Amino acid sequence: MNVKGILQLLLIVWLLPATLGLAATPPQTPAQGWAVLFIASYHPGFPTFFDQVAGLREVLEPEHIRIDIEFMDAKRFYSEADQRIFHDSLSKKLQRLPPYDLVIVADDTALQFVEANQGSLFPGLPVVFFGINDVAYALKFDRNPRVTGVIEEVSITDTVKVMQQLFGADHTITLICDSTESGLANQAQFQREMMLMGFDQYRLLSLGDYSYDELADELRRLPPGGMVLPMAIFRDRTGATRDFDSAFGLIRASTSAPIFHFWYHGLGKGALGGKLVSHRKQAEIAAEMALRILHGEAPERIPVRQDSGNEFVFDYREMQRFNLEPEDLPADSHVINKPHSLSQRNRALLLAAALFVSLLVIVVAVLLIRIRVRENAASRILRINQELEEKVSARTLALEQARQEAERLLRMRDSILDNSLVAIVLMKGRTVDWINHHAEELFGYPLAEAVGRMSDFIYERQEDFDRLGREAPPVLRRGESYRAEYSYKRKDGSLFWGIISGKAIDPANLAEGALFIIMDITARKVAEQRLKKLNELLESQATTDHLTGIGNRRHVTAQLNAEIGRSNRYAEPFSVILLDVDHFKLINDQHGHDVGDRVLKGISGLLRQTCRVVDSVARWGGEEFLVLCPSTALEDAVHLAELLRSRIGQLDFGLGAAVTASFGVACHQPGQSLDELIRSADAELYQAKKTRNAVQPMPGPANPA
C-alpha cells in the first residue's frame, strides 16, 4: 500500500466512530399530548423533592409528557386546617385547568389525600404512588383497580447488620426520630425489625421529647463506641421545624460517633453510609408504571412493587475517620468521594493529547491528498464539463416531470381533504380561511358564507370562543396538538357537541395558520349524562331506605362513626334515639302489610318534619328507627324523644286506635364504641317496651363533657 492509501485509511478510521455515533442516535419520541399531575407530600426544600422530580422527568419528558407539580408542605403545615387549605386551592386549580390523564403522588401524606378525595377531585383518573413507608397501607391498593405504585421499604435490618459488622454488635445504637406521622411510622418499623433480630442494644431519642438544642446536649453526652442512626428529624417538641441539611448538620456537629442513614440525602453531609433508598430510582420506576398506563395498560394489571432498589453506599471521607477500607464493606457496595488515581485525574489531558496527535495526522493526510488532487484536477475538469452538459439536459427533463407530478399530488391532496369523513377547518388567527365539504354539511354553512368570518358564529357560547383564543395558541406554539370539547351551533340553530383537534402548520409562525379537525360527539355526551344519572341513582339506593325514603342503616352507621370521631376529638356530646313502633306485628296481622307500610311512612315523615336539619333520621330495621342528634346532651335528646312520642300518638292512620312508639335514649360517653353506644340505647328501649308508649333515658349525667 502506498503513502496515499495509508493516509486515506487513517482518515477513515478516525472518522468511523463519529459516523457510527450519528447512525446510532435513536429517533425522538413524538409528542403524545398527555398531562400528569405530581403531588408531593413535602416542599421543594425537602431533600427528596428534586431527586423525585428528576426521576419523573428522566422517564416522562422524552415522551413529551407535561408534568405539573403541587406540593403539600406537610412537614411544616400538618394540621387539618392546612389540609383543607391545600384541598380548596387545588380544587380551584383543577376547575380551571385542562383535565389531567394521570396522578402521581410521593410519600404517605399525598397518597392519603388523593385516596380521600379521589371521587371528588380525581374521578376516574389512574393513580401511581411511590415513597410510601406504610407497607400494609400501600399493599391494600393491589385491590384498587385504578391505583398502583412503589413501596419505599427502608433497609433497616441490613443497615443495622452492617453497623454491627463494622463496629461490633455490643455497641449501642442511638436512634433519632421525631413525632411526625412518618417519624412515628419509621420508629415503629425499626422496633419491629429489631425485635425480629433479637437486638435490643439501642436507645431512642425522640424529638417529641426534646428540642433541637436539648437533642444536641444529649448527643454530646453519648459514651464512646456508640453509633447514631437518624430517621426523622424535621420537628421538635416545641413545634419548631428545620430542613434536613440544618437538622443533620446539628447532629454531625454534636457527636464524633459514626452516623449511618437510610437515604441518599445523608451522604456528603456527615453520614458514613448504609443500605440506602434512592428517591430518584423510585420515581423512575413509578414513571415507567405511569407510562405503561398512559399507553393503555390497566393499573390493576400492574401489581404494587415492594422492591425499591436499595443498595449499600458509603462516603470515603467518613470511612477515613474510622479507619475503614473498601474491603471491610459488604460486597457490591458503592463508595463516593473516593480519590482518583493519577491516570484518572489526567484522563482528560491524555485524551486531549491523543486527539491533538490524531488531528495532526489528519492535517498531514489532507495536505498530501490535496496535492494529489490538484495534479489530477486539470484532466478531470474537461471530463466533468462534458458530463455536466449531459446532466443539465437530463435534469431539465426531470424537473418538468417533477412539476407535473407535484401538480397531480396537489390536486389529489385537495380532493382527499375535501372528501374527508371529518370536518376540517383552516384558521388564520381567529378567521376561517377554508373548510372542507364535510364541515359544510356539519355546520350548514357553504364555503362562501364561512370563509373570511370570525369563527365565533359556530359556537353556542361566547365564552367558549374566548376560551379557545386563550388555550390554543400556547399549545400550538409548542408544536403540540390542541384538543378540547365544545358545544357548537349550526346555521339552523340546532346544537351539537364536538371534539376539536388542531395543530399549527408552522409552530414558530402561527400566522401561517392552523388546521383543526372537528368530530360530532353528541351521542357520547348523551351517554355520559345518562351514566352520571344512573350512578347518582345507584348511590341514592345504596344509602336510602326504599320504603320510607329516609336514610338506611348503612348510611346512618357511617354518620355515627364520623360523629364518634368528632366527639372524641373535641369532647362534645351527642345523643341517639332508638324507637320501636308498639304492637306493629298486630297491625300487620289485623290490617295487612299495606297498612303497616303506611304507618312506617307516616312515622318517617313525622320524624323528618320534627327533627332538626342537623339531625339524621334513618330506618334501623323493621319497625325500628334511629335519630342521630349531633352536639346534643342527654336531657335535650329526651325532650325531643318526648315530643316525637306525643306527635306519633296524634297521627291518625284510620285504625280505630292510636299508634304509639317506645323510645330508648343514650348519650355518647368518651371512648365509647359504636356497638357499646347502640347497646346502651337498645337496653333503654327494652325497658321502655315493658310499659310501651314511653321514653326511657340512660342513667347518669346529662352532659358527659
Side-chain angles (χ1 to χ4, degrees), residues 47 153-178 183-210 212 214-234 236 242 244-277 310-331 333-337:
E153 190 157 9
V154 181
S155 300
I156 294 175
T157 300
D158 289 342
T159 299
V160 170
K161 285 182 178 178
V162 83
M163 294 169 73
Q164 295 174 331
Q165 173 188 331
L166 297 177
F167 294 98
D170 56 341
H171 290 299
T172 300
I173 297 174
T174 299
L175 177 70
I176 305 175
C177 281
D178 61 19
L184 293 174
N186 288 336
Q187 175 185 330
Q189 184 180 355
F190 181 88
Q191 291 171 331
R192 284 195 302 270
E193 295 196 27
M194 293 305 97
M195 182 177 64
L196 293 174
M197 280 182 64
F199 178 71
D200 59 0
Q201 286 288 103
Y202 65 89
R203 176 193 180 194
L204 172 64
L205 291 181
S206 173
L207 278 168
D209 301 323
Y210 296 92
Y212 283 111
E214 292 167 346
L215 174 66
D217 292 338
E218 287 292 325
L219 291 174
R220 294 186 189 100
R221 289 194 287 269
L222 291 179
M227 295 167 280
V228 176
L229 188 56
M231 291 194 76
I233 50 177
F234 300 98
D236 68 6
R242 287 195 180 201
F244 177 82
D245 289 352
S246 171
F248 204 87
L250 173 73
I251 295 171
R252 179 67 174 82
S254 303
T255 181
S256 59
I259 303 173
F260 286 79
H261 204 41
F262 297 115
W263 296 276
Y264 266 88
H265 47 266
L267 286 186
K269 301 181 178 70
L272 172 59
K275 192 165 187 181
L276 306 185
V277 173
N310 302 350
E311 55 189 1
F312 283 111
V313 187
F314 298 87
D315 188 337
Y316 188 81
R317 292 177 298 192
E318 293 297 317
M319 290 169 59
Q320 287 185 308
R321 290 182 58 219
F322 302 102
N323 298 318
L324 295 174
E325 297 297 333
E327 53 267 24
D328 298 327
L329 306 177
S333 295
H334 300 287
V335 179
I336 68 168
N337 296 323

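On a predicted model such as this, the values are computed, not experimentally measured, just so you know. What you see below is based on every heavy atom in this structure, not just the backbone, and it leaves out hydrogens, waters and symmetry mates.
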Counting C-beta onward and ignoring hydrogens, is there a side-chain heavy-atom pair between [X] and [Y] closer than 4.5 Å?
X    : Y    : result
D236 : Y210 : no
P230 : I233 : yes
F262 : L229 : yes
I251 : I259 : yes

With sequence neighbours excluded, tell me which residues meet ring pair (Phe, Tyr, Trp, His ring centres under 6.0 Å) with [X].
X    : answer
F190 : Y202
F244 : F248, H261, H265
F199 : none

When every non-hydrogen atom of G183 is compared with those of C177, the smallest separation belongs to O-SG, 4.0 Å

Under 3.5 Å donor-acceptor, [X] side chain and [Y] backbone:
X    : Y    : value
D158 : S155 : no
H171 : G226 : no
N337 : G268 : no
D178 : F234 : yes
T174 : V228 : no

Listed partners of [X] passing side chain to side chain contact (heavy atoms under 4.5 Å, CB included), at least two apart:
X    : answer
E193 : I156, T157, Q189
L184 : Q187
D209 : S206

Establish, from distance only, whether the side-chain atoms of E311 and Y264 form a donor-acceptor pair under 3.5 Å. yes

Can you tell me how far apart [atom1] ([X]) and [atom2] ([Y]) are? Round to the nearest 0.5 Å.
X    : Y    : atom1 : atom2 : result
L205 : R203 : CG    : CZ    : 4.5 Å
R220 : L215 : CZ    : CG    : 9.5 Å
L219 : I176 : CG    : CD1   : 4.5 Å

Would you say NZ of K161 has more than 12 non-hydrogen atoms from neighbouring residues, nucleotides or ligands within 6.0 angstrom?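 It does not: K161 NZ has 12 such atoms or fewer within range.
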
